[in-house]
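Notes follow once the structure below has been shown.
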Amino acid sequence: MASSSKSAVSGWSEARRKIKKSKALYAMFAFPLVYFLIFHYAPMVGNLMAFQDYSIIKGFFGSPWAGTKYFEQFLNDSYFWQVVRNTVLLNLYSLIFFFPAPIVFALLLNELRLQLFKRFVQSITYIPHFLSTVVVAGMLVNFLSSDGLINQFRGMLGADSITFLSMPEWFRTIFIGSDIWQGLGWGSIIYLAALTGIDPTLYEAATIDGASRWRKMRHITIPGIMTVIMVMLLLNLGHMLSVGFEKILLLYSGPTYETADVIQTYVYRRGLIDSDFSFAAAVGIFQSVLSFVLVISANQLSKKFNGARLF
Amino acid sequence: MTTKKTWFDGVNLVLMLLLIVITLYPLYYMGIVSISSGGAVSRGEVLWLPKGINLQAYKYVFDDPAVLRSYGNTILYTALGTLISLVLTTLCAYPLSRNHFYGRAIFSLFVIFTMFFDGGLIPRFMVVHGLGMVDTIWALVIPTAISVFNMILMRTFFEQIPEALHESATVDGAGEYRTLLQIVLPLSMPVMATMFLFYAVGQWNSFFPALIYLNEKELYPLQIILRNIVIQGDMASQTTQMGADMATMSATIKYAVVYVAILPVLCIYPFVQKYFVQGAMLGSVKG
């Protein structure tokens, strides 16, 4: 931002000189510029189709305007509360259970004495991160089926077989549990990196003062990684509403819509399966605006409380 | 920093061992099922060790033309997609890393804004559709070519290259292109390797763009076939050759396909782990 305020003072000829000097850089940047215009900004403008009776044959410029009809339709839709509630709850539970897991894991890893063992645990727990959503969903579908792995274990304990994936009350647990399985190790990397940045003399001083391990963790380690935790929290809030949508798409089914159907899956179903393009776009706008408001407020909040911010 | 061994160390050790088991067992289980006999699997006899070891399931998988074709497609998409992503990300990150790039702040905002405000699924679909990319390879490799997160990592790395190197290159008469190609990129190999791996794994595992943009079965990537077989249990193309085996073989075939899909990633992982971790840690520097 500094350069733009300076240029206001120095005038047009100065600006022209600078532009000329950056000519080669503009030529490079032209490609990404066009990319972002076409695949990110054009769709933003394209959202106006939510105010049209969009027809794929007439296209964006030929379709008639329809006002706020589709927004009203969504707000009065019987699915409205269900998908909003599911989106909010799934993300809230994820924030409560998934977000802290890698932090706790990093703290536990940090307490391991044997460096070789620590590295081994790390290498192993990173692996699931590289599996595709389809593979993870495929494992879940098969392990949780009525004659799947989980029910085989249940059978050994004398319990009845459960068809987990057709029971709405299990969906959130399965979704977040598998997220933790897949993301625990990888998510811890950033915190481990922050841990190595803590000044070791702090620990030495604390040891001399007779601080226990627990107290050192509470008063040195956790404050030491607090900034990183806040930044990660912000990033998470920003992406909150769109995360995990592909996995839901692969795991949910009619019987579990009650807890599993979120805004994005609803957009996908109504828009790309049923071809209600304008209606789906209206629902999509609702989601984009909601998550944008969420990022901005999270950013403001954190700026106020501890100075960590994204932009 | 010597503290005596406590009960906590014991509990921690047990926890970590448990975690290793929980992480690896599902993968191990799929492996042993895929090489066991279908009958033993359906009787629930394969939990810890393979039984009736054979490679029949893998034979079925590799005899399936749909799987083979999708495998080839995925290799092509991954190669082309990674290349396009790397080039575009570099062309974005380099100018934004240069101090004298006039308008840098505005362009940065222009790019980063897209991280927080999503254009939305339906309008993006319409744009891709309108460009005639549906049912072409381009729909998979271009619309998601630049990850802003990756771009920020790369830009941060470029910014750490001393300005003096740029100046001496300019004095020697090198323009921006030569400086980028001959000075900046050779010095940025670690971050380029990381980006390469991030994009390559992303393309290899990518599923959703193919789901919405491809109708043509010939173009399906591996992940779509994988979903059809493993999640939807659709083994239409195998039924003819399998006949009566179908029922007992189905679990072994599913896990064999999973293994065929994840093996390349698992095989290169130990050798490139360093670069992945590096990338994840660069994230902590943030943009």
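Atom set for the values below is all heavy atoms of this structure, side chains included, hydrogens, waters and symmetry mates excluded. Just so it is clear: chains get the letters A, B, ... in the order the sequence lines come, proteins before strands, and each one is counted from 1.
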Report the C-alpha separation of B:Asp118 and A:Gln287 in whole Å, then their side-chain angles, then the decisive distance to 0.1 Å, and conclude whether the side-chain contact (heavy atoms from CB on, under 4.5 Å) test is met.
-> CA-CA 9 Å; B:Asp118 184 28; A:Gln287 151 122 358; over 6 Å; no

Any idea which of A:Gly284, A:Gly271, A:Ala281 has the most non-hydrogen atom pairs under 4.5 angstrom with chain B?
-> A:Ala281

Looking at A:Val121, A:Leu250, A:Val267, which one has more heavy-atom pairs under 4.5 Å with chain B than the rest?
-> A:Leu250

With a 4.5 angstrom heavy-atom cut-off, which part of B:Tyr29 approaches chain A: side chain, backbone, both or neither?
-> side chain

With no hydrogens and no angle check, is any side-chain donor or acceptor of A:Ser288 less than 3.5 Å from a backbone partner on B:Gly120?
-> no

Would you say the ring centroid of B:Phe276 lies under 6.0 angstrom from that of A:Tyr126?
-> no

Under 4.5 Å to a heavy atom of chain B? For A:Glu111 that would be both

A:Met28 versus B:Pro95, closest heavy-atom pair with distance | CB-CG, 3.9 Å

Interchain contact, B:Ala145 with chain A, by part (heavy-atom threshold 4.5 Å) | both

Largest heavy-atom contact set with chain A, pairs under 4.5 Å, which of B:Val258, B:Leu19, B:Thr89, B:Val201 = B:Leu19

A:Phe29 ring center within less than 6.0 Å of B:Tyr94 ring center | no

Taking B:Leu121, B:Val277, B:Leu131, B:Thr23 one by one, which has the highest count of heavy-atom pairs under 4.5 Å against chain A?
-> B:Thr23

Straight-line distance of A:Asn142 CG to B:Lys254 NZ, nearest 0.5 Å = 4.5 Å

Over all atoms of both residues, closest heavy-atom pair of A:Leu108 and B:Asn12 = O-ND2, 3.0 Å

With chain A, the option among B:Leu13, B:Ile20, B:Thr90, B:Leu17 that has the most non-hydrogen atom pairs under 4.5 Å is B:Ile20

Closest approach of B:Ile122 to A:Ala280 (non-hydrogen atoms, all atoms of both residues) = CG1-CB, 3.6 Å

Engaged part of A:Leu192 at the chain B interface, taking heavy atoms whose separation is under 4.5 Å = neither

Determine the interplanar angle of the B:Phe113 and A:Phe292 rings, folded into 0 to 90°, and report it as parallel if under 30°, tilted if 30 to 60°, perpendicular if over 60°.
-> perpendicular

Tell me, side chain or backbone of A:Tyr26 under 4.5 Å from chain B's heavy atoms, or both, or neither?
-> both

For A:Tyr35 and B:Ile146, the nearest pair of non-hydrogen atoms, with its separation, is OH-N, 3.3 Å

Can you say whether B:Gln223 sits under 4.5 Å from chain A via the side chain, the backbone, both, or neither, judging by heavy atoms?
-> both

The reported gap from CG in B:Leu211 to CD in A:Glu246 (rounded to nearest 0.5 angstrom) is 8.5 Å

Correct closest heavy-atom pair for A:Ser22 and B:Phe101 would be OG-CA, 3.9 Å

Select, from A:Phe117, A:Tyr191, A:Phe36, A:Trp214, the one with the greatest count of heavy-atom pairs under 4.5 Å involving chain B.
-> A:Phe36

Who wins among B:Gly175, B:Pro26, B:Ser108 for the most heavy-atom pairs under 4.5 Å with chain A?
-> B:Pro26

B:Tyr102: which of A:Lys20, A:Arg17, A:Lys18, A:Glu14 passes side chain to side chain contact (heavy atoms under 4.5 Å, CB included) = A:Lys18

CZ/B:Phe207 to CG/A:Leu249 distance, rounded to the nearest 0.5 angstrom?
-> 6.0 Å

Could you check if a side-chain atom of A:Leu109 sits within less than 4.5 angstrom of a side-chain atom of B:Met16, using non-hydrogen atoms only?
-> yes

Quick one: which of A:Val141, A:Ile38, A:Ile189 has the most heavy-atom pairs under 4.5 Å with chain B, could you say?
-> A:Ile189

Residue selection (most heavy-atom pairs with chain B, distance under 4.5 Å) from A:Val289, A:Leu33, A:Leu48 = A:Leu33

Look at B:Cys92, B:Gly44, B:Gly130, B:Ser206 and state which one has the largest set of heavy-atom pairs under 4.5 Å with chain A.
-> B:Cys92

Exactly one of B:Ile262, B:Ile231, B:Val265, B:Leu27 clears side chain to side chain contact (heavy atoms under 4.5 Å, CB included) with A:Val135, and that residue is B:Ile262

B:Asp9 side chain to A:Leu112 backbone, donor-acceptor under 3.5 Å | no

For B:Tyr269 against A:Ser123, the heavy-atom pair lying closest together | OH-O, 2.8 Å

Would you mind checking which part of A:Leu114 comes under 4.5 Å of any heavy atom in chain B, side chain (CB onward), backbone (N, CA, C, O), both or neither?
-> neither

Exceeds 12 heavy-atom contacts within 6.0 angstrom, atom CZ of A:Phe143 | yes

Determine the option with the most heavy-atom pairs under 4.5 angstrom with chain B, choosing from A:Phe120, A:Phe60, A:Phe153.
-> A:Phe153

Residue part contacting chain B, namely of A:Ala27, when any heavy atom lies under 4.5 Å | both

Should the heavy atoms of other residues, nucleotides or ligands under 6.0 Å from CZ of B:Arg178 be counted, would the total exceed 12?
-> no

Measure B:Leu180 against the heavy atoms of chain A and call it side chain, backbone, both or neither at under 4.5 Å.
-> side chain

Assert yes or no for the condition that the ring centre distance of A:Tyr41 to B:Phe117 is strictly below 6.0 Å.
-> no

Could you go step by step and tell me if B:Asn205 and A:Thr133 meet the side-chain contact (heavy atoms from CB on, under 4.5 Å) rule?
-> CA-CA 7 Å; B:Asn205 286 340; A:Thr133 317; over 6 Å; no

Report the distance from atom CG of B:Leu24 to atom CD1 of A:Ile124, rounding to the nearest 0.5 Å.
-> 4.5 Å

Quick one: are A:Phe39 and B:Val128 in side-chain contact, heavy atoms under 4.5 Å?
-> yes

Apply side-chain contact (heavy atoms from CB on, under 4.5 Å) to the pair B:Trp204 and A:Phe130, showing each step before the final yes or no.
-> CA-CA 10 Å; B:Trp204 187 271; A:Phe130 298 102; over 6 Å; no

So, B:Arg43 and A:Asp147, do they make that salt bridge, N to O below 4.0 Å?
-> no

Check whether A:Trp186 gets within reach of chain B through its side chain, its backbone, both or neither, counting any heavy atom under 4.5 Å.
-> side chain

Which atoms of A:Leu251 approach chain B - backbone, side chain, both or neither, heavy atom under 4.5 Å | neither

Between B:Ala261, B:Pro270, B:Pro143, B:Gly202, which shows the greatest number of heavy-atom pairs under 4.5 Å with chain A?
-> B:Pro143

One should read off an interatomic distance between A:His40 NE2 and B:Arg124 CZ, to the nearest 0.5 angstrom, of 6.5 Å

To the nearest 0.5 Å, tell me how far B:Ile22 CD1 sits from A:Leu184 CG.
-> 9.5 Å

Is there a donor-acceptor pair closer than 3.5 Å between any side-chain N or O of A:Asn47 and the backbone N or O of B:Pro123?
-> no

side-chain contact (heavy atoms from CB on, under 4.5 Å) between B:Tyr25 and A:Leu149, worked out | CA-CA 11 Å; B:Tyr25 178 73; A:Leu149 184 62; 3.8 Å; yes

Aromatic ring centroids of B:Phe125 and A:Tyr268 under 6.0 Å?
-> no

